[in-house]
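Structure record follows, encoded as structure tokens.
Please read these numbers as outputs of a predicted model, since none were measured by experiment. Reminder, nothing fancy here: chain letters follow the sequence lines and each chain counts from 1.
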4 protein chains.
Amino acid sequence: MDLSDLLTDIVATMASAEDRGQVASYIPELAKVDAAQFGIAIATADGRVRTGGDADSGFSIQSISKVFALTLALGKVGDQLWDRVGREPSGNAFNSIVQLEQEQGIPRNPFINAGAIVVSDVNLGGHQPRVAIGEMLRFVRYLTGEDDIIINEDVATSETATGFRNMALANYMRAFGNVRHPVDLVLGSYFHQCAIEMSCRQLALAGRYLMLDGRHPDGGRVVSPSRARRINALMLTCGHYDASGDFAFRVGIPGKSGVGGGILAIVPGRASIAVWSPGLNASGNSQLGTQALEMLARRTGWSVFSPPEEGD
Amino acid sequence: MDLSDLLTDIVATMASAEDRGQVASYIPELAKVDAAQFGIAIATADGRVRTGGDADSGFSIQSISKVFALTLALGKVGDQLWDRVGREPSGNAFNSIVQLEQEQGIPRNPFINAGAIVVSDVNLGGHQPRVAIGEMLRFVRYLTGEDDIIINEDVATSETATGFRNMALANYMRAFGNVRHPVDLVLGSYFHQCAIEMSCRQLALAGRYLMLDGRHPDGGRVVSPSRARRINALMLTCGHYDASGDFAFRVGIPGKSGVGGGILAIVPGRASIAVWSPGLNASGNSQLGTQALEMLARRTGWSVFSPPEEGD
Amino acid sequence: MDLSDLLTDIVATMASAEDRGQVASYIPELAKVDAAQFGIAIATADGRVRTGGDADSGFSIQSISKVFALTLALGKVGDQLWDRVGREPSGNAFNSIVQLEQEQGIPRNPFINAGAIVVSDVNLGGHQPRVAIGEMLRFVRYLTGEDDIIINEDVATSETATGFRNMALANYMRAFGNVRHPVDLVLGSYFHQCAIEMSCRQLALAGRYLMLDGRHPDGGRVVSPSRARRINALMLTCGHYDASGDFAFRVGIPGKSGVGGGILAIVPGRASIAVWSPGLNASGNSQLGTQALEMLARRTGWSVFSPPEEGD
Amino acid sequence: MDLSDLLTDIVATMASAEDRGQVASYIPELAKVDAAQFGIAIATADGRVRTGGDADSGFSIQSISKVFALTLALGKVGDQLWDRVGREPSGNAFNSIVQLEQEQGIPRNPFINAGAIVVSDVNLGGHQPRVAIGEMLRFVRYLTGEDDIIINEDVATSETATGFRNMALANYMRAFGNVRHPVDLVLGSYFHQCAIEMSCRQLALAGRYLMLDGRHPDGGRVVSPSRARRINALMLTCGHYDASGDFAFRVGIPGKSGVGGGILAIVPGRASIAVWSPGLNASGNSQLGTQALEMLARRTGWSVFSPPEEGD
């Protein structure tokens with residue numbers, strides 16, 4: 001099978017999809033995005049990048065940024081992070097503030113909002129938000145090799161003005177001592193990180209270190225092999241909110257979604273994949289993005305749950 | 001690395017472990033088991049089986065039977081099963097009856113007790129428990145090629161006499177119409193299935209179809225490749241109760257544990273592994289069994305989250 | 001104001017009510033009852049009984065029986081009962097099995113099903129259900145002075161055949177050791193107690209000891225004054241499931257409702273009141289019964305929250 | 001029985017109490033208060049005020065202020081308030097943020113923190129906090145007839161600096177649209193209201209309108225009789241957090257406690273009672289204050305659940 005032909009098929013299939021989901025409405029800036037768009041990019045281990053559809057259009061990566069933020073935080077404090085954040089799926093249609101109460105302010109994992117806010121608190125350190133934001137931008141530019149990745153200030157401002165629920169989570173964890181810096185600064189950093197704009201092509205490039213057991217394609221080590229595997233494990237068990245089990249069941253590879261409609265998915269040793277379509281399904285994950293990845297996995301045989309030779 | 005040497009190392013390391021966990025006490029018959037035991041067996045794709053420690057001692061497979069019961073139920077009703085059971089991690093330190101109430105009698109997944117009871121209800125059909133139990137025994141004998149696998153009637157009786165919590169779950173789901181046969185018959189079948197006794201060697205043999213993308217080593221097809229991958233996915237996301245995320249994080253391969261102290265773990269394309277040690281950790285999974293698998297994964301490089309070539 | 005005139009007004013108002021609620025459907029026998037009925041009876045401290053509407057028609061008292069069962073259980077084990085049952089409103093739209101899990105099998109109060117099942121377990125003692133049921137019948141006959149009060153066996157049988165949720169609750173508490181006798185016997189006793197049939201007139205007579213600070217009108221002491229007040233307190237805080245606060249707010253007197261459509265309400269020192277209409281509101285309490293009591297309280301000024309002289 | 005003698009007895013009994021509970025530590029300023037203090041004051045319907053112990057020492061009324069704030073809010077928006085706040089006991093050992101999530105940002109009642117924050121939002125209107133605070137101060141000065149009641153600015157500042165949990169609640173409800181003004185302003189008003197200082201004597205005076213069916217002793221009407229009864233009903237069902245049922249059971253009269261160690265209790269038509277001792281029990285209510293009220297109720301026979309003549 002030829003990957004380029006497959007991408008052509010996928011783009012054609014998605015173009016004719018009738019139910020494209022609903023664009024996220026709770027962040028006003030995101031609600032303006034045109035739902036008709038769909039993009040896909042695949043960076044393979046051989047160094048090639050194949051794209052289809054709107055693969056060069058920038059979108060708000062939102063929660064996908066949690067993968068990069070986690071990587072940075074582990075670099076700063078190592079496994080001590082796990083004293084403050086768990087590693088279990090949230091597994092509950094009711095969202096995380098219930099569990100924060102039951103579990104004393106310790107979020108279930110770094111990919112739900114509460115956990116990502118703790119990660120932001122770690123990354124902020126004693127600095128101003130602009131320092132932490134600058135570090136994050138430098139990191140994604142290094143991962144992609146592209147210097148024009150920016151933050152959409154309108155989106156960041158939009159989130160700040162309406163992020164009452166995140167303010168509630170942050171204050172709640174501060175009451176338990178699990179957010180340690182002023183809430184305004186932590187959330188300022190968090191909202192800017194979520195507002196990073198990338199294209200599918202850039203996002204697929206950024207995810208290559210998770211495909212390559214922790215190495216940058218230039219040969220440098222981003223994280224240890226063990227840490228790369230663990231980040232992949234967390235993406236598989238926790239990357240799609242309360243639909244993570246279903247994504248593992250249907251697609252079978254680690255992935256992290258964002259409410260901007262993007263999904264980053266990793267086939268260890270083979271591919272770093274980015275898809276994007278703004279409409280979301282009932283679980284808050286990209287409707288067409290999920291379908292595209294399911295189609296891709298079925299056609300390529302890629303799955304972490306199948307014998308390796310099956311997919312070659 | 002030589003696998004036989006590695007097993008020798010693992011057995012020696014486990015023999016000197018000081019904290020061996022606590023043997024399950026809520027089923028009186030299980031509480032009698034000697035905590036000093038440890039066994040391991042690995043069936044590899046080349047047809048070999050290597051063992052270490054008490055690999056030929058029989059033990060109560062308990063919840064590991066849920067993997068085989070799920071396989072049978074999918075054979076009977078196919079994907080219609082998913083109308084009655086979810087595919088998400090339970091993700092809650094509070095156990096499942098809370099979620100049954102919030103989610104209208106639909107258990108989160110087939111590997112928590114509530115979900116396995118629904119699976120038993122499916123497998124029972126309109127028959128007597130002995131019919132369903134006979135079918136299950138024939139299935140594990142077929143998978144292993146060994147005819148002496150039996151049910152420990154003392155364990156089954158012991159569970160029946162003390163299984164009030166399972167009776168609560170079953171009645172609760174019956175109130176929602178999600179258990180359709182008389183509760184006594186469904187639980188009779190369920191308790192007998194849990195009381196199957198197997199050795200590590202037998203259990204590793206039984207799991208080979210999940211290593212081989214659904215094929216029996218004799219060439220016959222047990223399940224389709226797609227179904228084998230999906231069962232593996234469920235084991236990874238839901239196989240260790242509320243410590244499933246941690247097991248994926250630390251060990252990185254699909255596994256299903258039982259309160260008898262056994263764990264069945266699958267490395268797709270490479271190995272079907274069984275470990276057993278009766279003492280449990282705080283999450284109810286085998287303390288030494290988990291450590292042994294973590295040591296095995298680290299030393300072999302086996303992980304579904306690493307590039308395939310890494311582990312070869 | 002003349003009480004008889006007021007009853008006439010109330011009966012007329014209720015006769016013209018358009019929204020009469022929904023008759024309980026989960027117990028098949030109860031679903032057959034004609035929703036058009038309404039009855040009311042008031043026994044006052046001066047020994048008079050005034051009635052209106054269908055005050056002599058028998059109905060299934062259901063959960064109102066919990067008041068009499070609690071009185072018996074306190075007579076048997078005294079305040080030790082409170083080691084096994086709490087005294088707090090359940091206060092949760094989600095019903096009690098969630099709290100049983102969070103609170104280790106101790107039900108919140110004796111007026112939710114779980115609590116009443118523990119009370120039945122106490123009243124059963126080591127006896128057969130018919131002994132406990134006989135005792136209960138003798139007690140309500142003594143309280144009313146009427147020997148023809150009976151149990152509707154069709155209703156009891158109907159509940160036994162469909163009471164899976166109560167079976168779940170009972171088994172669940174048995175797992176925690178808070179139900180101590182065989183679940184079948186405890187529920188057998190419980191379902192028969194709920195199936196007692198009384199008329200409004202009889203029910204108002206039966207409640208007089210709670211109006212009279214614990215005394216039977218014949219001068220005998222049923223319970224101490226302190227205990228009578230405490231039962232009234234429990235009726236006020238817990239007598240209407242998760243609408244208890246609203247009943248206290250709108251009506252202002254202790255009351256206990258049943259899904260048969262009856263409500264027993266007590267004005268200490270003044271009146272024991274029974275109302276009945278089979279249609280239930282969204283909270284599971286009699287729609288017209290609640291309205292009738294609110295109208296009665298407003299017109300008489302009766303309220304435990306007003307100065308005593310206001311109501312005279 | 002002579003009330004003055006009874007107060008002497010109560011003061012003596014409380015002076016010799018060994019277990020005085022724990023002074024609230026989460027508000028630094030409150031943690032400094034001497035736990036050895038105890039005061040009591042009773043304003044009776046005949047216009048007399050009797051006091052005992054430290055009845056003239058000022059203390060932080062904290063949550064008792066919720067009674068007065070509710071009275072003001074009902075004056076402003078009437079029963080429309082109940083669209084935004086419930087009337088049911090919270091009834092859950094887990095505190096209110098869980099229920100806010102399950103019930104869409106509508107707090108269970110106006111006496112838990114979340115509910116009182118909504119009440120503060122109503123009382124704030126479009127004004128600055130100082131306007132709302134000034135109105136509240138004028139109201140308690142009018143109720144008591146004493147002009148020297150003040151706000152302890154140190155306590156208000158202390159709460160503002162550490163009130164992360166209240167900030168979480170307020171932001172959370174703002175996310176649901178149930179807090180409508182800027183969170184900082186609403187909480188500024190709320191924290192100042194809680195920091196009002198009053199003595200037992202003043203607090204007993206302030207509660208007289210609830211004893212007198214809504215009338216000020218000077219003859220003016222503060223609220224309608226119906227509203228006074230309803231506030232009393234809410235105090236009985238919701239006034240002691242998750243120990244409200246127990247307080248109703250043991251003491252039998254409406255009461256509202258605060259973490260400063262005060263309790264205001266109302267015997268309709270007879271008495272407005274204030275007690276104060278800083279040490280709290282496990283439920284967060286004054287340990288000696290509760291005991292003193294239980295002793296008072298037992299010795300006087302005062303209970304809303306007994307025949308009126310019993311207590312005279």
Option that, when pairs with chain B are counted at under 4.5 Å, heavy atom only, ranks first among Ala45(A), Gly86(A), Gly245(A): Gly245(A)

For Ala248(B) against Ala233(A), the heavy-atom pair lying closest together: O-CB, 3.4 Å

Part of Arg298(A) lying under 4.5 Å from any heavy atom of chain B: neither

Separation of Tyr241(A) OH from Glu88(B) CD (nearest 0.5 Å): 14.0 Å

Minimum-distance pair of heavy atoms, taken over all atoms of Arg229(A) and Ser306(B): NE-CB, 3.1 Å

Option in Ile266(A), Ile253(A), Leu236(A) with maximal non-hydrogen atom pairs under 4.5 Å from chain B: Leu236(A)

Minimum heavy-atom distance between Pro268(A) and Pro308(B), given as atom pair plus value: O-CD, 3.4 Å

Met211(B) versus chain A, the contacting section by heavy-atom distance below 4.5 Å: backbone

CD/Glu294(B): more than 12 non-hydrogen atoms of other groups inside 6.0 Å: yes

Arg221(B), CZ atom: more than 12 neighbouring heavy atoms under 6.0 Å: yes

Result of checking Arg108(B), Arg230(B), Arg87(B) against Asp246(A) for salt bridge (charged side-chain N to carboxylate O under 4.0 Å, His left out): Arg87(B)

Interatomic spacing from OG in Ser226(B) to CZ in Phe305(A) - rounded to 0.5 Å: 12.5 Å

